[in-house]
Amino acid sequence: MNPAQISSLLKEIMQSIVDSTPDSGELNLADANFTPERPKNRAHGDWASNIAMQFAKKLGTNPRELAGAITAELVKNEGIAKAEIAGPGFINITLDAAAAGAVVSAVLAAGDSYGTSEILAGRRINMEFVSANPTGPLHLGHTRWAALGDSLARVLRAAGAAVVSEYYINDAGEQMRKFGRSVRAAALRLPTPEDGYPGEYIGELGAVVNTAVLDFAQLAEADQLAQATEIAYQQQLSEIKDSLKRFNVNFDVWFSERTMHSSENGEPNAIATALSRLREQGHVYDADGAVWVRTTDFGDDKDRVYQRSNGIYTYFAADAAYYLSKTDRGSDIKIYLLGADHHGYVGRLKAISGAAGEDPEKNIIALIGQLVNLNGARLSKRAGNIVELNDLLEWLGCDALRYWLARYPADSPLSLDGEKLRSRTNDNPVFYVQYAHARTQSVARNAATVGLTRADFTPELLTHETESNLLGKLQEYPLVVAAAAQLYEPHRVARYLEELTAAYHRWYDNCRVLPQGDEAPSALHATRLCLNDATSQVIRNGLNLIGVSAPERM
RNA sequence: GCCCCAGUAGCUCAGUGGAUAGAGCACUUCUCUCCUAAAGAAGGUGUCGUAGGUUCGAUUCCUAUCUGGGGCACCA
C-alpha cells in the first residue's frame with residue numbers, strides 16, 4: 001500500500017462522512033491535501049494524516065472525534081494493521097509487513113521509471129540558464145546554474161512536463177565587438193585595447209585566428225576585426241559546449257541573439273517585430289527621441305528604453321523579443337535561473353510578459369540564486385580567483401561538483417570547499433551516496449556467485465525495524481520527486497538520497513542478505529536480496545536526476 | 001530612498017502550518033575470522049535574529065525592526 005492509495009482511501013472515507021453530515025454542502029474536498037506524511041517518529045506509525053484537524057471545525061466536530069470516525073473505517077481495509085488517534089487529532093497508520101513490503105516489487109517492476117509521474121503533464125516549460133557570454137570560458141560563477149538547471153530539467157521531465165532547456169548566446173552587441181578587438185590585437189601581438197578582455201585565453205584565440213587565416217596581418221582592419229570576431233566566437237562557443245558536455249549538462253536549444261537582429265528579404269527583424277507587437281498593444285511611447293515601453297504599468301520600477309535616440313536597440317529590446325520568441329515557440333512557463341546580481345531583470349521580464357497579454361505570475365518563474373564562494377573567498381576578477389569550470393572538473397570531478405551544487409536550495413549561500421569535495425568520508429555526501437550504491441551492487445554480485453535467487457520474495461518477512469524504515473523511504477521517493485518538481489527544488493532529491501542511503505547502511509549492518517557459511521538460502525535471503533535491488537534502483541534513479549553517476553564498484 | 005535574499009547547535013547547513021526542530025562535521029567511546037568499516041552504534045547541545053499579529057497549532061504565513069549579502073542605466 002503506497003501513499004497515493006492511502007490518500008484516495010482517506011478521501012473516500014471523508015467523502016462518505018461529509019455526505020452523511022447535514023449542512024456540509026459547501027465543504028470542498030478537492031482543495032484538501034490527503035497525502036499522508038512519513039512521521040519523523042517511528043512510534044507514530046508508517047504514515048500519518050492531519051485531515052481530521054483540517055476538517056473538524058468545518059464539520060462542527062472536534063479533531064479527535066472526527067479522527068475516531070476515520071480510523072474506524074481505515075482499519076477495515078486490508079493491509080492496514082493499525083490506525084490510531086494521536087495528539088491533537090493526528091491519524092497514525094501502521095501497515096502490515098506484507099503491504100509495506102509491496103513497494104519492493106513495485107520498484108523492481110517500474111525500474112528506471114519508478115518515481116516518475118504525470119503531475120506536470122501538459123505543462124510546456126522553457127528553462128533558460130547559464131547563458132554566459134561567448135567571450136570567455138565558463139567559470140565557477142556559471143557552474144551552479146548549470147548543475148541546478150540541468151537537474152531541475154530532469155526533475156520536471158520526470159514529473160511529466162515537456163521541457164526545453166535553452167542557452168541564450170549573447171553574440172551581438174558591444175561585448176562581442178570588444179571581444180573581437182581583443183582577439184585581433186592578440187593575433188597581431190598588439191597590446192590589449194583599452195576596456196579589452198584580459199586573460200591568457202585571448203592570446204590562445206589570437207593564435208587560432210592566425211592559424212585559420214593566412215596573412216591575417218595583411219588584411220584591412222575591418223576585415224581583421226570581422227574575421228577575428230567570428231573565428232574566436234565559434235572557437236569559444238564550441239569550448240563552452242565541450243565544458244558543459246563534460247559537466248553532463250545538456251541544452252536542447254542554443255539560441256543566438258544575432259538571429260533576432262538579422263532579417264531576410266527586407267522583412268523587419270524579430271526585435272522590430274516585437275516592438276510593433278508591443279506598440280499595437282498600446283504599451284509603447286516616444287519621448288526624448290527614444291522609444292519607451294511603459295513597463296511601469298506592469299509593476300516595473302521605471303519605464304524602459306527599447307530603442308535609443310541614436311537608433312540602436314537596447315539590451316532590453318533583445319530580451320523582450322527573445323521572451324516573445326519563447327512564447328511563439330510553444331512554451332507557457334518560462335523559467336529563468338539568475339544570480340542575485342541579476343534579479344533587477346525580473347521586473348522587466350514580468351512587464352514584457354504582462355504587456356504581451358500573459359500572466360507574469362504564472363508564465364514566469366524566476367529562480368534567484370546566491371552566488372558561489374570558493375573556500376570561503378568571494379569570487380571576483382579583482383581578487384584573481386576566477387576558476388574555470390574545466391579546472392574545477394579536473395580538480396574535483398564531475399560527480400562531486402554536481403552533487404555538491406545540487407544539494408542546496410538556489411537561494412541559499414553556497415561555498416565550495418575543495419578539501420571537503422575531495423575527501424572520502426561522510427564529510428562529502430556524494431561519496432556516502434555513491435558508496436551505498438556500490439554496496440548494493442556488490443551484494444547483488446555476491447548473491448549471484450552463491451546461487452541466491454529472487455524467486456521466493458515474501459514481503460511479510462521484512463519485519464526488522466531497519467527494514468520497515470528502508471521500505472518507508474522507498475515508498476517516499478515518488479513524493480519527493482513530485483515535490484521537487486512542483487517547488488522547482490531539485491536539492492530535495494539529493495537530501496532524500498542521503499536519507500535513503502543512511503537507512504540502507506543501517507539496514508545492511510543489521511540484516512544480513514546472503515546466507516553465511518553452509519547456511520541454505522531461504523525465502524528471507526531472497527526477499528532481502530529483492531529489497532537490496534529495489535534500493536539500488538532508487539539510488540540510481542535519484543542520482544540520475546541530479547546528473548551524478550551510480551558506480552558499481554568503488 | 002526603494003526592491004530581492006539570508007539570519008536555525010561550536011562550524012557548514014536541511015526543515016511544501018503539525019507531534020519531543022534535524023543531518024553532517026568537530027569531540028569522546030565502542031563494532032570487521034562472515035555480503036564493501038568510504039559503514040554502523042552510543043554520548044549533548046538550541047531565547048529557530050528581535051517584537052507584535054493571524055489560528056486548534058508558527059522555525060514556516062503577515063507587519064514592524066536589527067544585522068549581513070545583492071540589486072536599482074538611452075551599460076552590456
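Worth knowing before you read on, the calculation uses all heavy atoms, side chains too, and leaves out hydrogens, waters and symmetry mates.
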Pair A:Arg181 + A:Glu174: basic N to acidic O under 4.0 Å = yes

Is the shortest side-chain N/O distance from A:Arg528 to OP1 or OP2 of B:C35 below 4.0 Å?
-> no

Between B:C75 and A:Tyr345, is there an OP1 or OP2 to side-chain N/O distance shorter than 4.0 Å?
-> no

Does the B:C74 base have a donor-acceptor partner in the side chain of A:Ser309 within less than 3.5 Å?
-> yes

Would you say the base of B:G18 and the side-chain of A:Asn50 have a donor-acceptor pair closer than 3.5 Å?
-> yes

Which parts of residues 501-508 of chain A get close to RNA chain B, meaning a heavy atom less than 4.0 angstrom away?
-> A:His505, A:Arg506, A:Tyr508

From the set [options], return the single nucleotide nearest to any side-chain atom of [X].
X	options	value
A:His343	B:C3, B:C74, B:C35	B:C3
A:Met53	B:U36, B:C74, B:G18	B:G18
A:Ser442	B:U36, B:C35, B:C72	B:U36
A:Arg439	B:A39, B:G15, B:C72	B:A39

So which nucleotide does [N] pair with, by the Watson-Crick or G-U wobble rule with both distances under 3.5 Å?
N	result
B:U36	none
B:C61	B:G53
B:C25	B:G10
B:C72	B:G1
B:G17	none

May I ask you to say what A:His491 touches in the nucleic acid, namely base, sugar-phosphate or nothing, with a heavy-atom cut-off under 4.0 Å?
-> sugar-phosphate

Shorter than 3.5 Å, N or O on both sides, protein versus nucleotides 19-21 of chain B: list them out with atom names.
residue: B:A19; atom: OP2; partner: A:Lys40; partner atom: NZ; Å: 2.9
residue: B:A19; atom: N6; partner: A:Asn92; partner atom: OD1; Å: 3.1
residue: B:A19; atom: N1; partner: A:Asn92; partner atom: OD1; Å: 3.1
residue: B:A19; atom: N1; partner: A:Asn92; partner atom: ND2; Å: 3.2

Could you give the CG-to-P distance, from A:Leu479 to B:U16, as a whole number of Å?
-> 14 Å

Per-nucleotide protein contact string for nucleotides 24-33 of chain B, where B marks a base within reach and S marks sugar-phosphate only (heavy atoms under 4.0 Å, - for neither) = SS--------

Regarding B:C56, purine or pyrimidine glycosidic angle vs 90° from 0 gives anti

To the nearest 0.5 Å, atom CD1 of A:Ile335 lies from atom CD1 of A:Ile365 at 6.0 Å

